[in-house]
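Notes to accompany the following structure.
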Number of protein chains: 2
Amino acid sequence: MPTPTPAGLPETLRASGYRRTPQRQMVLDAVEELGQGTPEEISERIHQTSPGVNITTVYRTLELLEQLGLVRHRHFGHGAPMYHASDYDTLHSVCHRCGQVAVIPGKLLEPVARWLADERGFVLDTGHIALAGLCTKCAAEPPPD
Amino acid sequence: MPTPTPAGLPETLRASGYRRTPQRQMVLDAVEELGQGTPEEISERIHQTSPGVNITTVYRTLELLEQLGLVRHRHFGHGAPMYHASDYDTLHSVCHRCGQVAVIPGKLLEPVARWLADERGFVLDTGHIALAGLCTKCAAEPPPD
DNA sequence: TTCCATGCAAAAACTTTGCACATCG
DNA sequence: CGATGTGCAAAGTTTTTGCATGGAA
């Protein structure tokens with residue numbers, strides 16, 4: 001099973017010349033515990049145990065952790081980016097009427113990735129943006145007259 | 001060939017009980033002339049000839065035109081949504097390092113769309129989001145140490 | 001002790017809302 | 001004339017920046 005704490009933040013920080021701080025650990029922990037979340041959600045999670053941590057720090061830390069490769073973010077269309085641990089790199093669909101999100105097999109995009117690589121030299125990042133459309137329920141509903 | 005002005009704004013407005021106004025025509029024209037643009041860009045375009053049009057009106061009008069099916073918007077990941085005429089409904093790739101955007105064949109997603117429809121009842125909206133990744137140049141560059 | 005990191009406050013970017021006046025039909 | 005649409009101003013969100021204090025090494 002994947003180790004929840006992959007034995008790495010302090011070392012990774014050290015290796016790149018950054019300092020180890022409680023806040024940085026808390027942000028990473030929060031991301032891993034939540035699975036994924038917006039900066040706001042991550043901040044709230046941290047506030048449950050450490051109300052003193054400023055959301056500015058959350059933003060700055062997420063940026064740092066992303067640069068270090070420990071977290072990544074993705075977009076569901078509208079609104080705030082979702083941060084998640086690097087190993088939680090999944091393809092999603094999102095309904096743009098009701099917002100419903102579902103996990104779908106990343107393999108579906110393999111042919112697309114291959115085409116982009118071969119024809120364009122473009123390296124597809126499967127999990128970065130969710131595929132948008134309408135879920136069953138919303139597709140069935142009459143157009144919003 | 002696609003008529004640039006599909007003979008429609010006044011009629012479409014009328015049909016739905018809305019009024020025809022110069023601003024509404026200007027917003028639609030600007031979107032068509034630009035191909036696509038953020039609300040800000042659309043507003044600037046209009047200001048070149050009609051400085052008096054308020055950006056609030058642009059936002060409200062884009063929402064209306066989208067509801068009427070005359071324009072649509074899509075997301076490139078970060079930042080503001082891009083509005084475009086409904087007929088300019090194309091699949092794009094976007095590099096998340098440098099922001100480069102390229103048009104790619106929508107057909108590439110047909111198998112994906114079919115799978116989503118069959119397995120999930122999900123109606124994929126090909127043009128609504130871009131596929132993210134790294135362009136050739138950025139993929140070649142060393143990681144930002 | 002020496003910088004790096006954080007908290008706080010203010011600003012910036014983007015979008016929405018409320019209201020009075022203007023305009024379409 | 002009556003209802004809808006617009007401009008203006010203000011407020012709401014979300015994210016970024018500047019700076020002095022605090023903490024890691």
Side-chain angles (χ1 to χ4, degrees), chain A residues 9-31 36-47 49-68 70-71 73-83 96 99, chain B residues 9-31 36-47 49-68 70-71 73-83 96 99:
Chain A
L9 181 55
E11 294 73 21
T12 308
L13 287 171
R14 186 83 59 88
S16 300
Y18 295 105
R19 294 181 181 169
R20 180 175 182 272
T21 71
Q23 289 89 338
R24 286 172 177 173
Q25 189 66 60
M26 284 189 274
V27 170
L28 181 55
D29 290 348
V31 170
Q36 60 178 342
T38 62
E40 194 86 25
E41 289 165 346
I42 292 163
S43 177
E44 276 168 22
R45 170 83 181 198
I46 293 172
H47 281 188
T49 55
S50 306
V53 178
N54 196 284
I55 194 166
T56 300
T57 301
V58 174
Y59 277 104
R60 284 191 285 226
T61 303
L62 286 170
E63 189 183 351
L64 175 64
L65 294 178
E66 183 150 42
Q67 184 189 319
L68 294 175
L70 296 173
V71 306
H73 75 270
R74 89 180 119 232
H75 300 274
F76 287 123
H78 54 61
M82 288 295 250
Y83 285 85
H96 46 258
Chain B
L9 181 56
E11 293 73 22
T12 308
L13 287 170
R14 185 84 59 91
S16 299
Y18 295 103
R19 293 183 181 167
R20 180 172 183 275
T21 70
Q23 290 90 337
R24 288 173 176 172
Q25 189 67 59
M26 283 190 271
V27 170
L28 181 56
D29 290 347
V31 169
Q36 60 178 344
T38 62
E40 194 86 25
E41 289 164 346
I42 292 163
S43 177
E44 276 167 23
R45 170 83 182 201
I46 292 172
H47 281 189
T49 55
S50 307
V53 177
N54 196 283
I55 193 167
T56 299
T57 301
V58 174
Y59 277 103
R60 285 191 283 226
T61 303
L62 286 170
E63 189 184 350
L64 175 65
L65 294 179
E66 183 150 42
Q67 182 190 318
L68 294 176
L70 297 174
V71 306
H73 75 271
R74 86 180 121 233
H75 300 275
F76 287 123
H78 54 61
M82 289 295 251
Y83 284 84
H96 45 257

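Keep in mind that this is a model prediction, so the values were computed, not measured. A note on names: the letters A, B, ... follow the listed sequences, proteins ahead of strands, and every chain is numbered from 1.
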TODO: Please tell me if the side chains of A:T38 and A:E41 come closer than 4.5 Å, counting only heavy atoms from C-beta onward.
DONE: yes

Open item on the list: Taking the side chain as everything from C-beta on, heavy atoms only, tell me whether B:V31 gets closer than 4.5 Å to B:Q36.
Closed with: no

- [ ] Summarise how protein sits on nucleotides 13-20 of chain C as a single string, 5' to 3': B when a protein heavy atom is under 4.0 Å from the base, S for sugar-phosphate-only contact, - for no contact.
- [x] -SSBBB--

- [ ] Taking the side chain as every heavy atom from C-beta outward, state whether A:F76 and A:M82 have any atom pair closer than 4.5 Å.
- [x] yes

Open item on the list: Donor-acceptor pair, distance only, cut-off 3.5 Å: does the side chain of A:T21 make one with the backbone of A:R24?
Closed with: yes

Open item on the list: I need the NE2-C1' distance between B:H47 and D:dG7, as an integer number of Å.
Closed with: 11 Å

- [ ] Please state how far atom NE2 in A:H73 lies from atom P in D:dT14, giving the value in whole angstrom units.
- [x] 17 Å

Open item on the list: I'd like to know if the side chain of A:E66 reaches the main chain of A:H73, judged simply by a donor and an acceptor atom lying under 3.5 Å from each other, with no hydrogens or angles considered.
Closed with: yes

Task: Pairwise distance CZ(B:R45) to CD(B:E40) - rounded to 0.5 angstrom - done: 15.5 Å

Open item on the list: What I'd like to find out is whether the side chain of A:L13 reaches to under 4.5 Å of the side chain of A:R19, using heavy atoms alone.
Closed with: no

Task: d(CE, B:M26; C1', D:dG5) in whole Å - done: 12 Å

TODO: Check DNA chain C against residues 14-23 of chain B and give the residues with a non-hydrogen atom under 4.0 Å, in numerical order.
DONE: B:R19, B:R20

Open item on the list: Whole angstroms only, please: what is the CG-P distance between A:L68 and C:dA5?
Closed with: 10 Å

Open item on the list: Is the shortest side-chain heavy-atom distance between A:P10 and A:Q25 below 4.5 Å?
Closed with: yes

Open item on the list: Whether B:T57 contacts D:dT6 is assessed here as follows: a side-chain N or O lying under 4.0 Å from the phosphate OP1 or OP2. Is that the case?
Closed with: no

Open item on the list: Side chains of B:R20 and B:L9, heavy atoms from C-beta outward: is any pair under 4.5 Å?
Closed with: no

Open item on the list: For a 4.5 angstrom cut-off between non-hydrogen side-chain atoms, does B:T61 reach B:L28?
Closed with: no

Open item on the list: Distance check needed: D:dA10 P versus B:N54 CG, whole Å only.
Closed with: 13 Å

Open item on the list: With a 4.5 Å cut-off on side-chain heavy atoms, are B:Y83 and B:E63 touching?
Closed with: no

Open item on the list: Need the bend value for the helix from C:dT1-D:dA25 to C:dG25-D:dC1: angle between end axes, 5 pairs each end, nearest 10°.
Closed with: 30°

Task: d(CZ, B:R24; P, D:dT4) in whole Å - done: 11 Å

- [ ] Send over the distance from A:L13 CG to D:dA24 P, rounded to a whole Å.
- [x] 13 Å

